[in-house]
Colleague: 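Sharing a structure below in structure tokens format, with a few things to ask.
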Amino acid sequence: MEPIITIDRLTKYYGDKQVLKYISLDIYPGQIIGYIGPNGAGKSTTVKILAGIIQDYEGKVTVAGKDLKENVMEVKKMIGYIPELAELYDLLTPREYLSFIGKLYHLSDSVIEERSRKMLDSFGLLGNIDQRMDSFSKGMRQKVLLTSGLLHNPSVVILDEPLSGLDANAVIMVKELLQVLKQEGKTIFYSSHMMDVVEKVSDRIILIDKGNIVANGTIEELRQNTNDSLEQIFSKLTSGGGYSHSADDFANALNDK
Amino acid sequence: MNKFFLKLVMLPSGIWRGMGADIGQLEAILDIRLKLDDRKPIPIGRQRASKKDRKNGVWMNMFISLIMGAVYMTPVLAIKDRITGLTVSFTLFLSILTLMLITDFSSILYDTRDKYIIVPRPVNDSTIVLSRILHVSIYLLRVMLPMSLPLWIVLGMKDGWLSAVIFIIPVLLMVCIAVFLVNSIYLLLLKLAKPERFNDIINYFQIAFSVLFFGSTMFMNTMLSRISSDSMIDNSVVDIAKYGWIRFLPSYWLASFWSLIGFPAKLPGTQWLSILAVVFPLVCLWVLIKYLAPQFARKISGIDVVAAAEHTPVAGVKARNSKLYLKLANLLNKNDTAKAGFIIAWLQTSRSRSFKMKVYPMVAFMPIYFTSIILQSEHTSIADIWSTLVNKPNVIIFLLYFNSILLMQGITYLAISDQYRSSWVYYSAPVDTPGQVISGAIKALWIKFFLPIFTFLAIFVMSVWGVHTIVDVVLALVNITLFAACMVRVTFRYLPFSMQENINLGSNRVIKSFIAMVVPGALGFGHYLAIDLLWLKLLFLVLSSILLWLVWDSFTNTSWDTIKKNELE
């Protein structure tokens with residue numbers, strides 16, 4: 001099977017600081033990829049490059065056989081990007097916002113209307129379709145954002161911390177949604193801190209630290225015959241497991257004598 | 001400099017303590033706020049500064065303040081009577097201070113950022129309110145000191161060094177009057193309004209006040225220039241008693257305060273008013289702290305709270321494709337990208353606080369300006385005004401061109417949004433030519449803000465001067481649109497609502513602003529010269545139309561390489 005996303009020696013500098021160091025990856029269609037790493041590891045940069053937002057990188061990225069730099073418009077049409085923070089024009093109503101986004105993806109008014117209603121209904125937000133989003137909770141905004149990212153029926157879905165701010169029921173719903181999208185043959189690139197969710201939903205987990213890939217495989221492969229959880233594996237690989245000592249030191253700082 | 005101002009406002013710390021503030025906390029909060037401002041200054045008006053030229057910006061601000069101060073000082077030079085001269089000057093100073101407070105600094109007072117930083121700590125309401133008020137006062141003092149410098153010099157030269165020394169007192173009092181008065185109004189609004197609607201209410205108050213400011217400035221100018229010209233014509237002392245209403249102006253109280261060092265006030269029995277100059281700000285402050293500050297923190301915490309409930313009844317949710325803006329978007333734009341630009345501009349211009357704040361007062365100002373153009377003659381009866389108008393074809397030019405200001409203001413603020421980060425969608429969506437988004441947005445702005453007023457003016461012009469003026473109407477329409485297109489092409493190639501308030505518009509901003517003032521004037525003047533020559537107007541129209549087509553096409557094709565971006569990260 002041909003990979004749908006190929007990343008070859010991807011490098012990115014911010015000024016003198018190298019945030020991605022020759023990353024190479026193949027991602028196959030219909031997979032859910034869990035992309036994890038500590039803060040500042042380069043997760044968001046990778047995600048923004050894949051979404052076509054950052055274009056000045058070195059190395060080669062291809063999506064469905066198309067070079068991202070040379071065919072950025074075609075690639076963007078295939079990708080649905082849902083960013084981490086619910087940054088949206090919240091003075092608009094979901095209906096207005098989705099109509100704006102739909103136009104950017106060249107969807108007709110009737111398609112936008114029909115899909116928006118159905119998708120918002122499944123999130124339980126149809127009743128709020130004509131309310132301004134400035135009064136919405138973080139979870140409600142995140143649901144609108146998810147809808148806006150999937151409105152054009154992308155074949156690759158890139159999610160950056162999609163569960164932040166969602167309540168337990170919504171988390172279950174999104175996890176199920178990921179499975180449904182996977183069954184439809186969509187590829188999901190899932191960047192997150194929430195280890196337990198990543199462990200459960202991902203077909204493959206990629207762990208990035210200081211701009212390098214330090215682990216890449218299924219959860220079983222990462223465990224290497226131990227019974228460690230993903231959280232423990234993460235801690236070992238990114239900090240040498242030294243956080244329990246740090247916690248002790250921190251608590252001891254309060255003892256003045 | 002910060003240390004000096006901090007020490008200055010902490011001088012009456014006994015009073016602050018008496019009002020219930022914790023002095024240690026107050027000083028700590030002010031200190032940290034001043035430090036933060038140094039690192040990210042509050043934009044004053046359209047002042048923008050990048051890190052590099054922030055230093056120059058400070059000097060530039062000082063220089064602008066100095067120039068403004070020199071202008072505001074002229075009544076003291078021109079009017080022989082010191083009290084009258086000072087009253088006029090102080091009125092000008094107080095007006096600009098109040099306007100600055102309302103438009104630029106009001107965010108300090110009801111800033112909700114420290115909701116999670118200061119409100120959870122054991123800090124009482126008096127301390128929080130005082131910290132905000134003193135913070136604003138420091139800002140105003142910074143502006144006021146260079147601004148009042150020319151007046152200090154003139155007073156020193158005219159009335160001796162002692163007058164220059166004690167002039168600091170009216171300057172401080174003036175800042176206090178402006179700050180305490182405006183803050184009292186805000187706190188009163190906060191007390192009366194529901195917190196979640198406070199932002200909207202403040203917004204409408206700001207718009208209403210700006211309009212009131214423009215209107216009353218025009219009125220005051222007429223009144224004061226009458227007083228001034230009385231004085232300048234016969235070069236005598238003004239009989240201020242003729243103008244009894246003046247005793248209600250805080251600027252007169254401040255001026256009569258001057259009488260204490262040897263310039264007796266001419267309004268009989270009004271010397272006691274100088275006491276008001278001191279008492280009034282103190283009373284304002286006392287009312288503010290005593291009655292309005294309690295529960296301030298609780299109210300502030302209520303601003304921006306989540307109000308909508310999930311799972312509200314589905315009833316009434318229908319497919320609504322019949323909205324006017326969608327119809328217009330589809331009708332006026334060829335491609336989807338431009339339609340998206342049209343939609344976002346149409347909707348956001350009705351809701352964005354920063355846009356409404358800067359552009360709506362201008363909309364409200366249009367009728368005031370219209371009336372002032374029409375009524376500029378000495379005639380009082382409508383029939384007289386009408387008959388003189390018909391004989392003055394140059395008024396057509398003023399009427400048709402003046403609302404170009406509104407379009408310019410709209411274009412300037414179309415790119416600005418508090419939620420500029422939400423513009424990531426343009427970058428992740430398959431937008432090939434971002435110029436198309438801008439073109440759609442400009443169309444929305446043109447249709448929504450410019451066209452209705454222009455249509456009204458066109459009907460007015462044609463009904464007064466005859467239907468044949470339709471050539472002038474069309475020419476003005478094309479010229480103004482051409483100018484707007486040039487402005488977008490040269491200066492404002494930003495995606496709608498994608499930029500932070502303090503963007504750096506480049507070092508040649510002054511030149512660009514100058515062009516923005518001169519070009520419509522020049523086009524209008526060209527039109528004026530051609531007003532009696534139909535063939536010349538038609539030629540002008542053809543040329544302007546061709547140019548408009550070229551310029552519009554040029555900015556519509558703006559690529560990603562030339563678009564002006566904001567740093568999203």
Side-chain angles (χ1 to χ4, degrees), chain A residues 14 44-45 48 51-55 72-81 83 85 87-93 95-97 99-110 113-114 117 121 123-140 143 148-149 152 158, chain B residues 196 199 304-321 323 325-327 329-330 333 335-348 350-353 355 417-433 437 440 496-497 560 568-569:
Chain A
Y14 284 122
S44 276
T45 306
K48 281 183 185 146
I53 294 175
I54 297 176
Q55 288 176 33
V72 69
M73 287 306 132
E74 282 172 64
V75 171
K76 281 180 178 180
K77 282 178 194 164
M78 285 186 262
I79 286 178
Y81 169 59
L85 295 162
E87 298 282 7
L88 35 72
Y89 290 112
D90 66 10
L91 296 169
L92 306 181
T93 67
R95 193 200 293 272
E96 292 163 349
Y97 184 70
S99 136
F100 162 63
I101 298 290
K103 287 291 172 209
L104 290 179
Y105 284 91
H106 311 291
L107 302 179
S108 72
D109 290 336
S110 55
E113 176 68 21
E114 199 189 330
R117 287 168 59 82
D121 194 18
F123 274 131
L125 280 186
L126 189 58
N128 307 84
I129 193 168
D130 289 318
Q131 280 175 4
R132 285 199 205 172
M133 295 185 283
D134 55 355
S135 59
F136 280 19
S137 69
K138 204 176 168 197
M140 290 164 85
K143 288 174 184 173
S148 78
H152 61 292
I158 299 174
Chain B
E196 55 271 24
N199 278 339
D304 303 332
V305 289
V306 172
E310 256 173 281
H311 311 299
T312 47
V314 185
V317 180
K318 284 176 279 178
R320 276 198 228 160
N321 273 331
K323 290 248 175 178
Y325 70 88
L326 283 177
K327 278 186 184 162
N330 288 328
N333 298 286
N335 59 63
D336 292 330
T337 314
K339 285 175 195 170
F342 189 96
I343 291 173
I344 191 84
W346 187 280
L347 295 170
Q348 282 280 99
S350 301
R351 297 176 199 174
S352 159
R353 215 147 60 86
F355 186 88
S417 171
D418 303 337
Q419 296 178 323
Y420 66 98
R421 284 178 180 275
S422 306
S423 63
W424 61 268
V425 288
Y426 299 118
Y427 303 92
S428 70
V431 175
D432 204 3
T433 318
V437 179
F497 304 99
W560 280 114
L568 285 175
E569 278 305 316

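By convention in this document, chain letters (A, B, ...) are assigned in the order of the sequence lines, proteins followed by strands, and residues within each chain are numbered from 1.
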Colleague: Does any non-hydrogen side-chain atom of M73(A) lie less than 4.5 Å from one of T433(B)?
Modeller: no
Colleague: Given side chains that start at C-beta, do those of F100(A) and V425(B) come closer than 4.5 Å, heavy atoms only?
Modeller: yes
Colleague: Over all heavy atoms of both residues, which pair between S428(B) and Y81(A) is shortest? Give the atoms and the distance, please.
Modeller: CB-CD2, 3.9 Å
Colleague: First locate atom OH of Y427(B), then atom NZ of K48(A), and finally report the distance between them rounded to the nearest 0.5 Å.
Modeller: 12.0 Å
Colleague: Using non-hydrogen atoms only, which part of F497(B) is less than 4.5 Å away from chain A: side chain, backbone, both, or neither?
Modeller: both
Colleague: Side chain to side chain contact (heavy atoms under 4.5 Å, CB included) between D432(B) and K76(A): does it pass, once the steps are laid out?
Modeller: CA-CA 10 Å; D432(B) 204 3; K76(A) 281 180 178 180; over 6 Å; no
Colleague: Which atom pair, heavy atoms only, marks the closest approach of L104(A) to A429(B)?
Modeller: CB-CB, 3.8 Å
Colleague: Indicate yes or no: at least one non-hydrogen side-chain atom of I343(B) is less than 4.5 angstrom from one of E96(A).
Modeller: no
Colleague: Against chain A, label S350(B) side chain, backbone, both or neither, depending on which of its atoms sit under 4.5 Å from a heavy atom there.
Modeller: neither
Colleague: With a 4.5 angstrom heavy-atom cut-off, is it the side chain or the backbone of D418(B) that approaches chain A, or both, or neither?
Modeller: neither
Colleague: For the atom pair CG (D109(A)) and CG (L326(B)), what is the distance rounded to the nearest 0.5 Å?
Modeller: 6.0 Å
Colleague: I101(A), T93(A), D90(A), I158(A): which one forms the most heavy-atom pairs within less than 4.5 Å of chain B?
Modeller: D90(A)
Colleague: Do L92(A) and I344(B) have side-chain heavy atoms sitting under 4.5 Å apart?
Modeller: yes
Colleague: Measuring from atom CG of L91(A) to atom CD of Q419(B), what distance do you get when rounded to the nearest 0.5 angstrom?
Modeller: 5.0 Å
